[in-house]
Amino acid sequence: MSAGTGAWRARASFAEGATNLRESGVLGAVLVGLAAVLVAAGLLVDVRAAHAVVEAEAAYLAAGGDLLVAQAGDDGSIDAARCVAVAGVTGVRASAAVTVAPGAAGIVGRPAAEQTVVTATDGVLDVLDLPAPGPDGVVVAAGLADRWEWASGSHVQLVPRDAAAGLPTGVLTVEAVADLARLSEGASTGVLVLAAPTGDAQTCFVRIDPQYREDLRAALPAMLGETAAGPVSVSDRLPAGALAQDPASTYDQRVTRWVGGAVGAVVGLVWAVVAWTRRGRAALYASLGVPWAGGVLVRWVEGLGVALLGTVWGTSLAATTAVTALGVPAPLAVDLAVRDGALAFAVAALVVVAAGLWQPPTLASLKDR
């Protein structure tokens, strides 16, 4: 400490605070460790809660949560070209005209098989997140692949029951195995064959951005050629229920979102208690001629040093534990941990700054010392 006859300089306070922090020994290590544990525990709570929301959203989308299904009433049909054209509308990510035909074909080598065939326009690849097949490629349902022991690269030959159906008759290659149940239960054991956007289809599947759901639900019937004699109904692929919520809203409104601020406040309050127990030392500085502002800077450097080291350590610990022990994807774990850690330090810093402004009565504190 360098309190001389001249003015006390701010750098002297910084140097004194840094020296006190460096030489604090066991107490300093305990305080930093306690801050790290508090921050890590709080951040892990939020990372885990956020991960649960993200997993629920993934399950929601995998089950078809972002799909609208348009069907004509009275067993009518949807114009395939109109359905394909819907893909150009704002809020629509993809659209596909789909027809599911149970027992539409046999399978060469399996004469007893009555194979369901799903014909769809190219947009179904985006609807189901499938790779583009080759000219003789098909996609088979997961259950069907298990039954016949098919995999990517297997060869299949269909025997159409109706020559007018326009199904391919040559040898086909299985390009992918997918969960076709996202389209319908009837498609869950089908072979998916791409078709040109001509003629009629049973249904029109539209993959949407969730924020446009209601607008598109209202507009789709007209876009698909609804008339008084031929109504078109539009429904969610998933029924109303727990999965039919807005995942983004759930993520933003999670209760644990502000846990970083809460643990930061606790860290700051812990330091405030420590600063109060050190009031005798603060009074000693004042008795040696250190001005109030100089003493405040000393206390700020000490407190902010503990808060910074503790939150950095706790943030690193939380991110590492989330990835290695909880299986949280690294980008999500790191992003949330850094955000929450920054909030924790900001709140802790506010409490430390407020606590550092208080200087105890010199004489009374010296007596306590």
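All of these numbers come straight from a predicted model, not from anything done at the bench.
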In one Ile/Leu/Val/Met/Phe/Trp/Tyr side-chain cluster, 4.5 Å: [X], [Y]:
X: Leu43; Y: Trp313; answer: yes
X: Val323; Y: Val47; answer: no
X: Val338; Y: Val312; answer: no

TODO: Each residue besides Leu192 in its hydrophobic cluster should be listed here, by chain and number; the cluster joins Ile, Leu, Val, Met, Phe, Trp and Tyr at side-chain heavy-atom distances under 4.5 Å.
DONE: Leu67, Val69, Val98, Val100, Val118, Val124, Leu125, Val127, Leu128, Leu130, Val139, Leu180, Leu183, Leu194, Phe205
Any donor-acceptor pair under 3.5 Å from [X] side chain to [Y] backbone:
X: Arg257; Y: Asp252; answer: yes
X: Glu175; Y: Ala132; answer: no
X: Gln71; Y: Val234; answer: no
X: Arg207; Y: Asp126; answer: yes
X: Thr321; Y: Ala318; answer: no

- [ ] Give the C-alpha distance, both sets of side-chain angles, the deciding distance and a yes or no for side-chain contact (heavy atoms from CB on, under 4.5 Å) between Cys83 and Thr121.
- [x] CA-CA 9 Å; Cys83 177; Thr121 55; 5.7 Å; no
TODO: Please name the pair of heavy atoms, one in Asp136 and one in Val171, separated by the smallest distance, quoted to 0.1 Å.
DONE: CB-O, 4.0 Å
- [ ] Locate the shortest heavy-atom distance separating Tyr251 from Ala50; write the atom from each residue and the value.
- [x]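 Between these two residues, the closest heavy atoms are CE1-CB, 3.7 Å.
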Around atom [atom1] of [X], are there more than 12 heavy atoms from other residues, nucleotides or ligands closer than 6.0 Å?
X: Gln211; atom1: CD; answer: yes
X: Arg339; atom1: CZ; answer: no
X: Arg48; atom1: CZ; answer: no

Task: Distance (rounded to the nearest 0.5 Å) between Leu172 CG and Gln157 CD - done: 7.5 Å
Open item on the list: Tell me whether Glu302 is salt-bridged to Arg299, with the criterion being a basic N under 4.0 Å from an acidic carboxylate O.
Closed with: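 Arg299 and Glu302: not salt-bridged.
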